[in-house]
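Everything on this sheet refers to the single structure shown next.
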Amino acid sequence: MQNEHLLVEISDTVAVITLNRPKVLNALNAALLKELDATLQELSADNSVRAVIVTGAGEKAFAAGADIEELAAVSQSQGQVQAERGQRIFSRMETLGKPVVAAINGYALGGGCELAMAATIRIASEAARLGQPEVKLGLIPGYGGTQRLPRLVGKGAAFKMMLTGEIVPATEALRIGLVDEVVPAAELMTRAQALAKAIAGMAPIAVRECIAAVHAGYDLPLDEGLAQEAARFGLCCGTEDKAEGTRAFLEKRAPKWRNK
Ligand code: CO8
């Protein structure tokens, strides 16, 4: 994969995408987002990749948001189109068919926080700082923040962050449920890798269907969500991996998944 603004490394079953514009705190410009979109499509189709980690280059930032230099020139009609484009890319990541772990190594602001929220699981370094400071620029979040943040932390905490633009430390992000775990900075990638590998070691179709069931049912009434779950449970019951997983348990051995 030839990228200018991203590093992509695949080792064993885990791919690591590193946002790589450290001089501007990994700000998300149009070129980076285009590369991210193409990379996500490739990783989605690559059966050898079972989990993805997204992180930022350098010590300081995961991503400090959309590129404000580009943003300064965006008109009303372009704004809507660009927001929709970014939302599509982040939704692609959210529904990749495999887990995405955001390893938040520093500032995750605006679009950077929104990118992290579209990941399946968020691990933050103790040095991470998260926020939706768009109101300070005369803007609102445009890459999903007004929708994903309240779903993650509740309306009150989301309004507090979005309307004050306040940047919260990792511990506060953990308390409100914006991140799932906080670790010392030096341990961030080791922990993200361990988590990604642990999930990559599970039955791939079960992992995919579990993520899909949560997304499919999240905004539906409970009974419709339960119907989603039952259908996907049934689908898993028809897989070779379910036969292998249950047989391996009964034979007291490790399962060998075939992704079938
Ligand atoms: N875009 C472009 N450049 C940036 C950005 C950014 N988002 N953030 C930082 N930089 C640049 C700085 O301009 C600076 O460049 P230079 O060295 O050339 O002066 C360099 O990165 C280092 O930054 P600072 O000197 O500012 O570093 P500090 O440690 O003093 O401050 C902060 C760090 C607090 C993170 C600060 O840089 C900051 O506030 N950044 C902006 C954060 C922000 O407002 N993010 C939200 C952007 S809006 C957004 O994300 C909307 C998403 C939806 C868009 C939908 C359609 C397009």
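Start at 1 and go down the list; that is how both ligands and their atoms are numbered. The chain is numbered in sequence order, starting from 1.
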Could you tell me whether the side chain of Thr120 and the main chain of Val100 form a donor-acceptor pair under 3.5 Å? yes
Are the side chain of Glu35 and the backbone N or O of Glu4 linked by a donor-acceptor pair below 3.5 Å? yes
For the residue pair Gln228 / Glu224, report whether a side-chain donor-acceptor contact shorter than 3.5 Å exists. no
Presence of salt bridge, Asp219 and Arg151, under 4.0 angstrom: yes
So, using side-chain hydrogen bond (donor to acceptor under 3.5 Å, both in side chains) as the criterion, who are the partners of Gln193 when residues are at least two apart? none
For a quick check: using heavy atoms under 4.0 Å, what are the residues in contact with ligand 1, sorted by chain and number? Lys23, Val24, Leu25, Ala27, Lys60, Ala64, Gly65, Ala66, Asp67, Ile68, Leu71, Gln82, Ala83, Tyr107, Leu109, Gly110, Gly111, Glu114, Pro133, Glu134, Leu137, Gly142, Tyr143
Charged N to carboxylate O below 4.0 Å: is that the case for Lys260 and Glu240? no
